[in-house]
> 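First the structure, then my questions, so here it is.
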Amino acid sequence: MASPAHGGGFQNKTHRVAILAELDKQKRLLIQNSSLNNPGASIPLSRPTQNKDFRDHAEQQHIAAQQKAALQHAHAHSSGFFITQDSSFGNLILPVLPRIDPPIPAE
């Protein structure tokens, strides 16, 4: 039985990215409006590339921690084998199925 939390991670990430993009857009508008109202105040308030790099790094650490927890849970509660791998469907871990060669027919 699948729990509803498995599919929610991808939606939460998408929602979080959308919120961050909207906040960044509003911040740029505020900076632009303040520089138009005060021509001398055109000094940037922050370095956007450093903030983006920091967010990306924090997001990667969070995903790595989630992958580790999911992998430990799967190994503890299943007799199967799992690996961590990026998935376009938002899966943190993927099951590994052994390849079994077909039996050689007896002559």
> For a side-chain contact (heavy atoms from CB on, under 4.5 Å) with Asp24, tell me which candidate from Glu22, Gln26, Arg28 qualifies.
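The passing option is Arg28.
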> Quick one: name the residues clustered hydrophobically with Leu23, using the 4.5 Å side-chain heavy-atom rule over I, L, V, M, F, W, Y, and just say none if it's on its own.
Ile19
> Nearest 0.5 Å please: distance from the OG1 atom of Thr84 over to the NZ atom of Lys68.
11.5 Å
> Just jot down the side chain to side chain contact (heavy atoms under 4.5 Å, CB included) partners of Leu20, sequence neighbours excluded, or say none.
Arg16, Arg55
> For residues Ile83 and Leu71, report the shortest heavy-atom separation together with the two atoms involved.
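It is N-CD1, 4.2 Å.
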> Can you see which heavy atom on Ser78 is nearest to which on Gly80, and at what distance?
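Smallest interatomic distance, heavy atoms only, reads OG-N, 3.0 Å.
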> Mind listing the closest non-hydrogen atom pair of Ile93 and Phe82 along with its distance?
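For Ile93 versus Phe82, the nearest heavy atoms are CD1-CD2, 4.0 Å.
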